[in-house]
Every structure is written in structure tokens, then in C-alpha cells.
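Report on one structure; see the data block that follows.
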Amino acid sequence: MGSRASTLLRDEEIEEIKKETGFSHSQITRLYSRFTSLDKGENGTLSREDFQRIPELAINPLGDRIINAFFPEGEDQVNFRGFMRTLAHFRPIEDNEKSKDQNGPEPLNSRSNKLHFAFRLYDLDKDDKISRDELLQVLRMMVGVNISDEQLGSIADRTIQEADQDGDCAISFAEFVKVLEKVDVEQKMSIRFLH
Amino acid sequence: MAKKWVKFKRDFDNFKTQCIPWEMKIKEVESHFGSSVASYFIFLRWMYGVNLVLFGLIFGLVIIPEVLMGMPYGSMPRKTVPRAEQATAMDFSVLWDFEGYIKYSALFYGYYNNQRTIGWLKYRLPMAYFMVGISVFGYSLMVVIRSMARNANESTADGDDDNFVFSWKMFTSWDYLIGNPETADNKFASITTSFKESIVDEQESNKDENIHLRRFLRVLANVLIICCLCGSGYLIYFVVKRSQTFSKMQNAGWYERNEVEIVMSLLGMFCPPLFETIATLENYHPRIGLKWQLGRIFALFLGNLYTFLLALMDDVNEKLAEEDVVKNITRWTLFGHYNSSMENSTATPPPLDPADVPRGPCWETTVGIEIVRLTVSDILVTFVTILVGDFIRACFVRFMNYCWCWDLEAGFPSYAEFDISGNVLGLVFNQGMIWMGSFYAPGLVGINVLRLLTSMYFQCWAVMSSNVPHARVFKASKSNNFYMGLLLLILFLSLLPVAYTIMSLPPSFDCGPFSGKKRMYDVIQETIELDFPLFVAKIFGYVANPGLIIPAILLMEVLKMAGILATSTYIC
């Protein structure tokens, strides 16, 4: 995979991605050109350093975790398919999609999958629960050293108290969904990809 | 093709967002000082927009036609400075009092001619003046109510739920569109502030109370404050009565002439901090304490304003009585002039120079001048207070701290905190005065637009340079409906005096667009009779019947109730 010509997308690939993610043809080609512009090593995959060059991700307190979400378990490189699979979570939900295809697999950009994506950012050890320690880590990243440890601990406790319904002192996915019930996730977690 | 259209729409939306003025300034203030201070600036910006529209209406439909198509300065008695005043008409002190050339300019009611149509466009100026006056109130009402409805919608859409306060803060507070490191720092600061706000909220709700002591202290505080309010009302009444005797005096000094404005401004400056110190007895949650403070200052300003108006009404009635006398004098003077010029030649007599014609007292212009002077002195006091109270104080604390016996920064006087309630009420009352005065002084809205513009820059600078964030940080309640409710109330209260004077007082006989009519609203009658076809006049005659109007009002009430019920079930 040396020259650029061989990394051009083939039509069958585009079709497969279209079926899996729901992006349109022109969106896929546009995102492919973005992918190649990020890929400084020109080997058809992205590494973590490539993502960290994006300023918005670099200054984001949760930036590292978002970058991690792109990479499959244990790997250090992500190809275009994986890139699109992750981005598909952020595709806006269109009105005509809501009613069709109740039998097929849930589309990647459904509300539940969006929330699952967010949940995985907080649940580092992948045990399907956000524990108090994980909350403390997130808080520490968000406010720096401006609030004392003790206060942060109380905030974490208070958060768990608000959200926890089954009394296990951790936030499960169902409880997470309940917390964000009134938040307009479909709109906030969507990127208007250009057509 | 459709793609291009979508792209164009998106670019246009982005452009529109970039056009929102002062957005970055306000965001910066918000990240340093919290959402309640920023809400004041957002309110200020909104008021600026409303005032700009009102200015456009008045300027375009009333002032410009009169200046371009009406008679020029010096051609008529009402447009000329009287002979007796011409020597001093350009003096700065006279101009500052809004007499002299300014009094006889398009800024005030008295300049406008009562000619039914002017210029080649046959523009009906008196009708336009009346309709613009009414539509100023109509537009303001519409805009305030629409804003209230939008705020009410927003707060329900975001969920009035206080159930997941901390969870939401934790999971949803970062703004993923920030790409600039400095902005990210600002966002950090604001997230920290917002966590601190929530901690304060929590602590307040968990505190233990001794109910009886608290109640007693609250009653005591309220009694003290009522005493203050009555005292200030009486003081104003006393001062206004005194100013009437001063105006009869010949050698009134600067202080005597301006005593009323000075006293009102001083009361406005010193009573709110007094209320705040008394309010520490009550020990409310900061957000509730802010509402009480606003209510009290509101009562103070309202009392002051209405006392002032009542005194002004006395003045107006006196002038009306004077008018009859002057009318006779004018007639005799003109008669005498024509007679004497007839004796010398048989040709048409030269008209009397407009500067020599004796003038009626023109109460409308007087009212306009009084309100404009009050507004200007209010503006000056506000700016000086900010300059001295915030900036000079900050300079003093910073530089004298090295050589002072106690720690200026920690103890008294320390840096000032931004006084939200004082500023919001100042803005609301300023707007009330504008609404009251715009009918009698069309130029007033222009002055206000300038004031709001400079105020925005000046206060942003002052807040960033001299203020510190509040020690007790709390979030303004999400709906800005409290400010809007105050504004609505003031709108009605300022509509009352104007409506009263329009309906029941006769216009001056020699100045303004309604001179010569029995009542100002006769201009509508006249326009319908002369400009519309005959059947329209008949229809209006029938519609104006009380038998039709009362059922119409009842029907509107019923519809309003139905609307309220419908929206409240939607919210629940």
C-alpha cells in the first residue's frame, strides 16, 4: 500500500460502508478525503498522534478518551472502515428513518447507540458500570485543581445519589439513559456532515 | 442545485450568528463572572435592539418627513426662538437645560406643524405622529410578550427538572466546538464556577433553621424598608413643591433649578445599598434575596417616578390655565400689528416676524423637556457611579494597599462586586421613562440608543477591569421572565400617563402637530372623514358603539383564558 492510487476507495467498499453506517455516497467520499488529509504517514490508517493534531480534541479534557473510542480493543491503528463506524454514531437522525426498518439491526446513530458511545467514554474498565472512582477521574479532568478533593468527592457522591436507582453505588447503562432522558441527545450528539 | 441551496442556507445561518453583536464580549464576561452577570448584558443587548427599532420608526416616519418636507426653522412662530430669548439661545448652560435652540428643534413636540398634509407626497404628518406614538407602545408590548413566551418555552423544553442537576453538569457541560486554547480556559473557569454554584445551592437547602427568630428578623427588615420608602416618597413630594416656588423666583441658582433631578438621582443611588444592608437580616438564599431586592428597588423607583409625574401634572394644569390668557394676547398683538401696518400703505401688510409673536406655554414641550432632563441626569449619575464606585475604588484599593494600615483588599472597601439588581432596575426604569417621554420628545429614543451603545462598552470594560466575581456564586434562574415581567409592568405603568394626557387634555393651541384640535385623537376622526371613502366612516361609526365593544372585550378575555389553559396543559 505505497502509492496514493491504491488507497482510493472502490465502489464496493463505498456500498458496504453505506449499508453499515447510512452515510450517503458523497458524504463518504468527502470523509475519505478528510481521512487521507489526517493520515500524515500515508499508510491508509490513523494513529493516535494523527488525532491529537486536531486542536478541538487536543484541548478537550476528555480528548484522549474520545480518541481511544476510535481504536478497536488493543490496537494502535484504525483504518477507514473503523473511522466511519465510529463517526456513524454522530450522524443526525433523519425523520424518515425513524419509522422504517423496525426489523433490521438498529442503526448506528440511534439514540440508544449514541448514549452507549457516551457511556463507554466514562466506563473505562468496561464493566458496564460507572463507579465513583471513574466519576472522580472525570471530575478531576474537568475542573483541574480549582476545587478541593473533598468537594469533588461530595459532588461524585451526590451525582451517584441522583442517578442510582438499584442501590449499587454505581451508574449502570439503564440509569445513565434515565438521567439523560430529558436531554436532547439526538441533536447534541449529531454533526451535520456536508452532503 | 439543491446541494448549493443547502450550502448557501448553512453559510447564511453561520453569517447570521456571527452578526450577533458583542457575543464574544458577553461570553468572556460569562466565563469569568457567572451566568447572572452575563444575563444582565444579554438583557442590555436585547433592549438595544428594541430601542433601535423604535428609533427607526420614529426617526423615519416622524422626524425625517418634518425636517425634509415641512416648513424650515424660522418660518413659523412655533419653530423660532422668541425674540426675548435669542440673545442667550446658544449658551451652553441654556442648551444643557434643553432650552434655547434645542427646545425649538425637531427633538421636541412643539416644533411640529399641524398642516394636514406636507410636501409633494401629501404625507399626513399629524396622523403619522399619532400612529407612531401608539405603535411604539404596541411594538414594545408585542416584543416583550414574545420574549416572555419564548423564555417560558425554553425552560420547559430544557426540563424544569431539578432531579439530575449534578449528573447533567458532569456529563453535558463541555462545549465540543471550542478549538481555541484561551476559550478552553474560559470554559474551564465557567465549569468550575457552575460547580461551585451548585454546591452553594446544595448547602442552602441543607441548612438548619430557627424559624421564629428568622421570621421576626424578616418582619423587622420589611418594616424598616417600608419606612424608608415612605420617607423617600415624602422627600420627593416636598422637593417638587419647593421647585414650583423656585420657578417663580427670579434669581434661581443652578442648584435650585436642578434640585428635583439631583434629589431623585441621589435617592436612586443611596437607597439600594441601604436596602441591601437591611436585607442581611433576612438571610435568604441569594437568588431569592435578589428577587426581594429587585422588588424593593422597584417600589422605590416607582414611587419616585409617580410622585414626580403628579407634580408635573400640577404644572401642566397651571400651563393650561395660562394658555387661555396668552391666546387672547396673541390675537390682540396680531390685530394691533396689522392695523398699524395698514395705516401706512394699502398693500398687503408684512407678516409679523415669527420671533415676535407671543407664545403659548406649550405644556407638551415642557413635559418632554422635563423627562429628557431627568433621563440625561439619570444617565450621568449612572456613569459617574460606575466610574467612581467601581473604577476609582479599584484603583484606590490596588495602589494604596501598599501604604495603608489595614488590608484594603480583604477588608473595607475591597473590590466591588457587580450590582446586578441595581443595574437591571436602572435599565428597566430608564426604558419606562423613554416610553413615557417619546410621545412628547421624539428625539428621546435617539438619545437612549446612544446611551445603550456606550453603556454596553463602558460596563463591559468596567466589569472586566474593576469587579470581582461574587463571593457567593449562584445561577440566575433559567427563565429571564422575571426581568421581562418587570418590563411589562413598567410598560403599562408608563402607558397610563401618556394615554391619560392624550385622551383628556386639550393640545396647545399654537404648537405641535395637533394644535387647533379639541383633543389629540380627533386627528383619527379627521383622517377617516377626509381621506377614506364614505362607507368607511359609517362602518367606524357603527363599530365604535359601546354595545359592540363590550362583547368584543369579553370575547377576547375568554379567548385569553382558553389560550392559557391550553398552554398550561401542554406544560404539564
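Letters go in sequence order (proteins before strands), and every chain restarts at 1. Values below: all heavy atoms of this structure, side chains included; hydrogens, waters and symmetry mates excluded.
A/Arg48 CZ: more than 12 foreign heavy atoms inside a 6.0 Å radius. In the displayed structure, A/Arg81 atom CZ is contacted under 6.0 Å by more than 12 heavy atoms of other residues, nucleotides or ligands.
Residues passing the salt bridge (charged side-chain N to carboxylate O under 4.0 Å, His left out) test with B/Arg45 are B/Glu23, sequence neighbours excluded. The side-chain contact (heavy atoms from CB on, under 4.5 Å) search around B/Ser465 returns B/Phe391, B/Trp461, not counting sequence neighbours.
When A/Leu135, A/Ile171, A/Thr159, A/Val138 are compared by the number of non-hydrogen pairs under 4.5 Å with chain B, A/Thr159 comes out ahead.
Within the 4.5 Å cutoff, side-chain heavy atoms of A/Ile130 are placed close to those of B/Phe171. Between A/Leu152 and B/Phe195 the shortest side-chain heavy-atom distance does not fall below 4.5 Å.
With a 4.5 angstrom heavy-atom cutoff, A/Met189 does not touch chain B via any of its atoms.
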